[in-house]
Amino acid sequence: MTSITTSGVTLNIKSCKTKFAHRFVRSLLQIGNHAPPSSSSSSEEKLIQKRRQRIKIAAYSSMAHAVGPRMNWSRALLFKLRNRASRHRKKKRVVVIRRRTKKASRSSQGSVPVDQAKKLRRLVPGAKSMDLCSLLEETAHYITCLSTQIKVMQALADHLSK
C-alpha cells in the first residue's frame with residue numbers, strides 16, 4: 001500500500017478522499033487558468049455564475065472518478081457529465097419548459113415507504129430502476145461521498161484562507 005507522510009500524517013494514496021482531493025485541485029487549477037479578464041458588473045455576475053457552475057461540475061466529476069464505475073450513482077453521474085460535455089461541444093441549445101404539477105398525496109399508510117423511495121430515487125443519480133435494498137446501499141455510499149466532498153472542500157477553503 002502506497003502512502004505519504006507529511007507533517008506527521010500518513011495518507012493512503014489509494015483512498016477515495018485523496019483521489020478526490022487530487023482530481024478536484026487539478027480541476028480547480030484548470031478553471032483558474034481559463035479565467036477571462038473581468039469587465040462590467042453585469043457580465044461579472046455572469047462570469048461568477050459560470051465559474052460556480054464549473055466548480056460544481058468539477059466537484060461532482062472528481063467525486064465520481066474517485067469512486068470509479070463500481071457504484072451506480074457514479075456511473076450515472078459520469079454518463080450525465082459526458083453527455084453534457086458533448087452537447088456543449090455541439091453548441092445546440094434547446095430550451096424545454098416543463099411544468100411541475102403537484103400530485104395529490106396519498107393518505108394510506110402503505111404508500112409512505114414507496115413515496116420516500118421515490119424521493120430518494122430523484123436525489124441519487126442512477127437510482128431510478130433499483131430495488132429498495134440496492135437503493136438504500138447506493139444512497140448510503142452517495143451520502144458518504146458527499147460528506148467526504150464537503151470535508152475536502154472545507155479543508156481546501158480553510159487552507160487557502162490562511
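Here, residue 1 is the first one in the sequence, and each next residue gets the next number.
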Straight-line distance of [X] [atom1] to [Y] [atom2], nearest 0.5 Å:
X	Y	atom1	atom2	answer
Glu45	Gln49	CD	CD	7.0 Å
Thr18	Arg23	OG1	CZ	13.5 Å
Cys16	His65	SG	NE2	12.5 Å
Ile31	Arg52	CD1	CZ	13.0 Å
His22	Ser62	NE2	OG	12.0 Å
Glu137	Thr139	CD	OG1	10.0 Å

Taking a hydrophobic cluster as the set of Ile, Leu, Val, Met, Phe, Trp and Tyr residues connected by side-chain heavy atoms closer than 4.5 Å, whether directly or through intermediates, do [X] and [Y] fall within one such cluster?
X	Y	value
Val25	Val152	yes
Leu156	Phe20	yes
Leu78	Phe24	no
Met130	Val124	no

Which heavy atom in [X] sits nearest to a heavy atom in [Y], and how many Å separate them?
X	Y	result
Arg121	Leu132	NH2-N, 4.2 Å
Ala117	Leu135	O-CD2, 3.7 Å
Gly126	Asn72	O-ND2, 3.8 Å
Val67	Cys145	CG2-SG, 3.5 Å

Worksheet entry | Side-chain donor/acceptor of Arg54 to backbone N/O of Ser27, under 3.5 Å |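 Answer holds: no.
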
Discussion item. Tell me whether Ser134 contacts the main-chain N or O of Asp131 through its side chain, where contact means a donor paired with an acceptor under 3.5 Å.
Written reply: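 No; judged by distance alone, with no hydrogens or angles, the pair does not exist.
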
Worksheet item: Can you list the residues that meet the side chain to side chain contact (heavy atoms under 4.5 Å, CB included) rule with Leu146, with sequence neighbours excluded?
Response: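 So Leu146 forms a side chain to side chain contact (heavy atoms under 4.5 Å, CB included) with Tyr60, Met63, Tyr142, Gln149.
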
